[in-house]
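Note that the coordinates shown come from a computational prediction; the quantities given were computed from them, not determined experimentally. Proteins come first, then strands; the chains are lettered A, B, ... in the order of their sequence lines, and each starts at number 1. Keep in mind that the numbers below use all heavy atoms, side chains included, and drop hydrogens, waters and symmetry copies.
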Number of protein chains: 2
Amino acid sequence: MGFIIYALSLSIFIYGAVRMKRRPTQLDVATLAGVSPGIVSTIINNRTNGNIRISEATQQRVLDAIKELGYVPNPVARSLAGGQNRLLGVFTYEALFPLEYRNFYYEFLIGIEKEAEIQDYNLLFFTRRQGTQKRVIYQNGVNSLQLADGAILLGLGTDREELARLNNEGYPFVFIGRREIKNGQISYVAADYKRATREIVEYTINKGHRRLALVQGSLRAEPQLDKQAGYCDATALNGLNESLAEIHYKENDQITVEWLKMLFDKGVTAFIVESTSEAKRLAAVAAQLGKHAPADFSYAILGDPMNLEEIIPDATTYRTPRQEMGAQAVRLLCEILTAGGEIEPRQVILPCHFQPGNTVGAPSHPA
Amino acid sequence: MGFIIYALSLSIFIYGAVRMKRRPTQLDVATLAGVSPGIVSTIINNRTNGNIRISEATQQRVLDAIKELGYVPNPVARSLAGGQNRLLGVFTYEALFPLEYRNFYYEFLIGIEKEAEIQDYNLLFFTRRQGTQKRVIYQNGVNSLQLADGAILLGLGTDREELARLNNEGYPFVFIGRREIKNGQISYVAADYKRATREIVEYTINKGHRRLALVQGSLRAEPQLDKQAGYCDATALNGLNESLAEIHYKENDQITVEWLKMLFDKGVTAFIVESTSEAKRLAAVAAQLGKHAPADFSYAILGDPMNLEEIIPDATTYRTPRQEMGAQAVRLLCEILTAGGEIEPRQVILPCHFQPGNTVGAPSHPA
DNA sequence: TAATTTTGATAAAGCGCAATATCAAATGGG
DNA sequence: CCCATTTGATATTGCGCTTTATCAAAATTA
């Protein structure tokens with residue numbers, strides 16, 4: 001039954017031109033209203049509905065005190081007391097806003113932002129490197145993502161070891177793009193490259209082409225494997241054996257006149273090209289041979305251009321639903337968070353959208 | 001002289017396949033390392049340099065424990081305890097990743113990210129709306145930016161009241177773009193629209209044009225005012241009075257054939273157009289009159305295109321140094337933060353880069 | 001009137017960390 | 001060998017809030 005006097009001392013520091021007032025706290029409000037601190041919290045959060053009751057009079061006094069002091073709850077203290085911080089992390093191994101891939105990444109971010117807004121989360125972009133050379137999740141063994149309630153990962157370069165460790169640790173995260181790890185499954189949202197590729201290859205075959213070539217870079221990660229699988233499916237199902245459906249690994253600078261001439265001489269009429277930059281190179285080299293698409297040969301591109309400069313208008317290609325992927329990833333992450341861990345890793349595959357374009361036509365000399 | 005046993009109970013819940021550990025705290029680390037909690041904090045923050053000393057051995061044990069548990073300091077608790085959290089906020093009143101302005105915003109973000117990485121800060125993008133209709137800084141009186149040590153603000157729509165309040169409160173922030181408030185000054189990093197506009201107008205005049213028209217939208221914020229000021233400076237300095245240097249406020253749909261014909265009849269030979277979208281509209285309407293730039297008339301654009309679709313190749317224009325602005329804003333904010341409030345608001349003005357292009361030529365019938 | 005319920009409030013613990021005051025043991029000087 | 005100093009650690013407080021346990025007084029019931 002002790003009397004406690006809550007001292008009120010809103011000290012004001014003068015720093016040059018900027019007044020740095022100590023912000024009033026619940027204690028200040030409580031003191032002014034002549035009540036105990038807890039009750040202020042109760043009123044502010046409308047927790048008066050449950051079995052906690054506060055008289056109208058007290059309520060009014062507290063509200064008046066709040067107004068008089070200009071009291072504003074400290075969000076930091078709030079989230080500390082509350083447990084979560086409603087922060088979703090976003091992590092990439094490369095730049096979050098890359099110049100070279102600007103067109104590609106931006107769409108994901110649009111989707112992520114939209115859905116984060118809907119789910120009422122803030123976004124924490126991990127840009128700190130803390131002295132390390134490249135970005136890593138584990139900084140001298142420390143999982144830096146823990147700063148957020150959960151995280152969205154995306155990007156090309158991926159450290160599988162870190163992913164596996166993250167998974168093991170039970171940290172809630174979702175990858176944008178298919179990523180597989182040893183001894184387990186992670187949650188991801190991916191585009192159905194395999195099916196999209198199969199469709200676009202079948203489209204090409206249906207145009208009359210009987211001799212195709214797949215041109216891929218040297219990188220052999222999940223997306224590339226999926227595209228290859230789709231290519232193989234489509235060609236095999238349509239009775240094209242391996243000699244009629246070649247596979248080539250070529251970097252841009254390896255797409256030479258000699259090489260292309262060789263393929264033309266072999267009778268290849270259609271090229272399935274992994275990326276726009278390779279397609280541009282292919283078209284340029286073909287032009288040196290006096291050949292132009294779709295009259296003299298055909299080509300289709302497996303997926304979107306990575307930046308603005310390389311866009312080929314009206315290319316035959318398919319679009320990855322990147323906005324939707326970003327949004328889905330956030331949604332999935334939120335489900336995982338609300339489930340509080342009682343959930344198996346889940347994979348979401350979204351369809352791509354075929355775009356006919358005009359770089360695939362009928363073969364000039366049908367087989 | 002009491003013995004306190006710090007209990008270690010990193011409870012591990014088994015939820016289906018995923019183990020959800022409670023995030024380790026300093027207490028957990030301390031227990032594992034066999035030291036008191038405070039010492040962990042001391043080590044983490046490198047406070048060992050002052051008069052506080054910790055033996056190598058203990059230090060190593062603590063670091064090992066941190067690594068083993070995957071401990072990461074809770075930023076919320078940190079900032080509550082008075083420290084900082086190495087979080088820079090990024091706030092816009094509209095979408096952070098807008099579709100319509102994708103090209104424009106992205107550059108700022110590139111600069112922000114790069115510099116944040118250099119300064120070793122993470123980025124907190126404020127996307128929560130907490131039930132409100134549009135984004136606001138003060139959510140029922142709460143300054144939601146307080147979650148971060150400081151913030152970068154950008155974007156078109158700006159609530160001056162909120163800016164003023166933020167400033168008054170002493171919250172550290174930097175605006176990207178010039179923004180003025182009543183009774184005070186805020187820190188910002190802006191492009192020198194006034195000078196750039198003056199230069200481009202003088203360039204046009206030097207080509208021989210003696211009768212110009214400035215075409216702006218109805219929005220009258222700082223950037224628009226700066227451009228107008230530059231236009232007026234240039235024309236006045238070159239002896240063009242108001243009837244020779246008209247000013248028109250026209251939305252896109254108000255740029256009609258009749259209106260344009262009237263200007264042509266008056267003898268206007270060059271248009272200074274505020275934005276790319278208006279320039280496109282202008283060129284299209286002029287084409288209906290059989291006139292084309294730069295042969296029949298000239299036009300210059302005041303600043304960058306807002307999105308990819310509207311780009312006019314080879315337009316006479318100037319480029320805003322958006323990457324540099326983003327980076328500078330972060331740098332300025334960091335200075336403010338390290339100064340700890342004992343600093344006056346500071347304004348940084350960066351020059352734009354003139355691009356000659358080919359939409360401004362000599363007038364067809366010189367005055 | 002005494003026992004019970006309802007009403008309206010208080011006291012206190014805890015969130016995770018930083019910072020400071022305190023303290024015991026080891027070391028060194030005279 | 002005793003006292004002062006240095007070294008290396010501990011105990012404690014407070015940041016501002018939420019939440020729960022507790023409690024006194026008023027209202028209701030038996």
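Taking atom CD1 of Ile54(A) as the reference point, atom P of dA9(C) lies 7 Å away to the nearest angstrom. For the pair Leu69(B) CG and dG16(C) P, the interatomic distance rounds to 14 Å; values are reported in whole Å. Spacing between atom CD1 of Ile43(B) and atom P of dA19(C) amounts to 15 Å, rounded to whole angstrom units. If you measure from atom CG of Leu27(A) to atom C1' of dA12(C), you get 14 Å, rounded to the nearest angstrom. Look at CD1 on Ile44(B): it is 11 Å from C1' on dA18(C), rounded to the nearest Å. The CG-P distance, from Asp28(B) to dC15(C), rounds to 11 Å in whole Å. Here the P atom of nucleotide dG8(C) and the CD atom of Gln59(A) are 11 Å apart, to the nearest Å.
Here the side chain of Asn74(A) is nearest to one of dG16(D), dA9(D), dC15(D), namely dG16(D). If you check dC17(D), dA18(C), dA9(C) against the side chain of Ala77(A), the one that comes closest is dC17(D). Taking every side-chain heavy atom of Ser55(B) into account, dA9(D) is the closest of dG16(D), dG16(C), dA9(D). The side chain of Leu80(A) has dG16(D) as its nearest neighbour among dT7(D), dG16(D), dG8(C). Taking the side chain of Val35(B) as heavy atoms from C-beta on, and the options dT10(D), dC17(D), dT10(C), the nearest nucleotide is dT10(D). Relative to the side chain of Thr58(B), the nucleotides dC17(C), dA9(D), dT10(C) differ in distance, and dA9(D) lies closest.
For dG16(D), the OP1/OP2 oxygens have no side-chain nitrogen or oxygen of Arg78(A) closer than 4.0 Å. The side chain of Arg53(A) contributes no N or O atom lying less than 4.0 Å from OP1 or OP2 of dA9(C). Listed pair Ser41(B) / dA18(C) meets the phosphate criterion, a side-chain N or O lying under 4.0 Å from OP1 or OP2. A sub-4.0 Å separation between OP1 or OP2 of dT10(C) and a side-chain N or O of Ser36(A) is present.
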Worked check of side-chain contact (heavy atoms from CB on, under 4.5 Å) between Phe91(A) and Leu145(A):
CA-CA 8 Å; Phe91(A) 180 88; Leu145(A) 299 190; 4.0 Å; yes
Only distances under 3.5 Å count here; give the side-chain donor-acceptor pairs of residues 61-69 of chain A to other protein atoms, sequence neighbours excluded, each with its distance to 0.1 Å.
unit_1, atom_1, unit_2, atom_2, d
Arg61(A), NH1, Ala33(A), O, 2.7
Arg61(A), NH2, Thr58(A), OG1, 3.3
Asp64(A), OD1, Gln60(A), NE2, 3.2

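Using a 4.0 Å heavy-atom criterion, one finds that Ile39(B) contacts the bases of the nucleic acid, with or without backbone contacts as well.
Between Leu153(B) and Ile137(B), some side-chain heavy-atom pair lies under the 4.5 Å cut-off. Residues Val174(A) and Val189(A) have side chains in contact (heavy-atom distance under 4.5 Å, counting atoms from C-beta outward). Between Gln328(A) and Glu115(A) the shortest side-chain heavy-atom distance does not fall below 4.5 Å.
Residue-to-nucleotide proximity on DNA chain D shows that, of Arg61(B) and Gln26(A), the 5′-proximal contact is made by Arg61(B).
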